[in-house]
Amino acid sequence: MSSRSLGLSPALYDYLWAHNDEPQPLQALRAETRELPNAGMQISPEQGRFMGFLVECLGVRQCLEIGVFTGYSSLAVALSLPPGGRIVACDVSEEYTRVARRYWARAGVADKIDLRLAPALETLARLLADGAAGSFDFAFIDADKEAYRDYYERCLELLRPGGVMAVDNALWNGKVAEPSVTDRDTASIRALNAFAAADPRVSASLVPIGDGLLLARKL
Ligand code: CA
């Protein structure tokens with residue numbers, strides 16, 4: 001089970017899935033991840049295809065990923081990158097990224113993915129210290145929700161003007177729209193959705209694909 005697009009009937013969701021091509025390496029990774037605890041953290045196939053499509057449309061070469069899990073989103077993006085394209089992928093789990101590395105190698109994209117096993121805020125601070133501000137074309141944020149605003153700010157610095165950030169779980173299984181739900185993760189996601197919509201540094205779009213995707217283009 002992955003976080004399939006919200007609010008669709010089972011029949012319509014099957015139709016959506018059948019009309020979004022999922023390459024074989026992604027199918028295999030989805031099948032293996034399904035057996036793991038936290039399998040719901042994997043993005044849905046239609047979202048993977050959408051992100052690959054975005055990367056192709058935007059001519060992305062340099063990517064950031066905050067939160068790798070077993071590597072589905074990084075693999076979906078890597079398959080759409082041109083030769084020489086690169087993803088700096090941040091995660092703290094040796095165990096889950098071991099699965100990711102196996103599938104990146106099997107799909108022939110391992111040389112495009114630079115895995116940094118460390119807290120993502122440390123990796124982002126190091127990139128900024130090394131002069132990488134304004135050098136990334138695309139960033140995907142899908143890690144601990146309480147730090148979403150911090151990831152947003154660092155990624156905004158690292159993106160070039162015209163670069164796009166995609167923030168996952170922006171609708172959080174509908175909880176963002178239920179005022180009685182006030183836990184810290186939900187509050188953090190809600191706050192970022194509101195902040196981005198009014199942030200004069202970006203053009204934002206909140207999209208109901210998967211578990212909700214907040215897109216923000218740096219102006
Ligand atoms: Ca997610």
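Just so you know, ligand 1 is whichever comes first in the structure, and atom 1 is the first atom listed for that ligand. Just so it is clear, the values below take in all heavy atoms, side chains as well, and ignore hydrogens, waters and symmetry mates. What you see is a predicted model, and the numbers here were worked out from it, not measured in a lab.
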Examine N169 and say whether one of its N/O/S atoms is closer to the Ca ion (ligand 1) than 3.0 Å.
yes
Residue pairs fulfilling side-chain hydrogen bond (donor to acceptor under 3.5 Å, both in side chains) with at least one residue in residues 125-140, sequence neighbours excluded:
D137-R160
With a cut-off of 3.0 Å, does D168 place any N/O/S atom under that distance from the Ca ion (ligand 1)?
yes
Among side-chain atoms of T186 and D183, is any donor-acceptor pair under 3.5 angstrom?
yes
If you check every N/O/S atom of D142, which is the one nearest the Ca ion (ligand 1)?
OD1
Test of understanding: with side-chain hydrogen bond (donor to acceptor under 3.5 Å, both in side chains), list the residues that count as partners of E153, not counting sequence neighbours.
R149, R201
Pick one: which of I113, V92, L115 meets side-chain contact (heavy atoms from CB on, under 4.5 Å) with T97?
L115
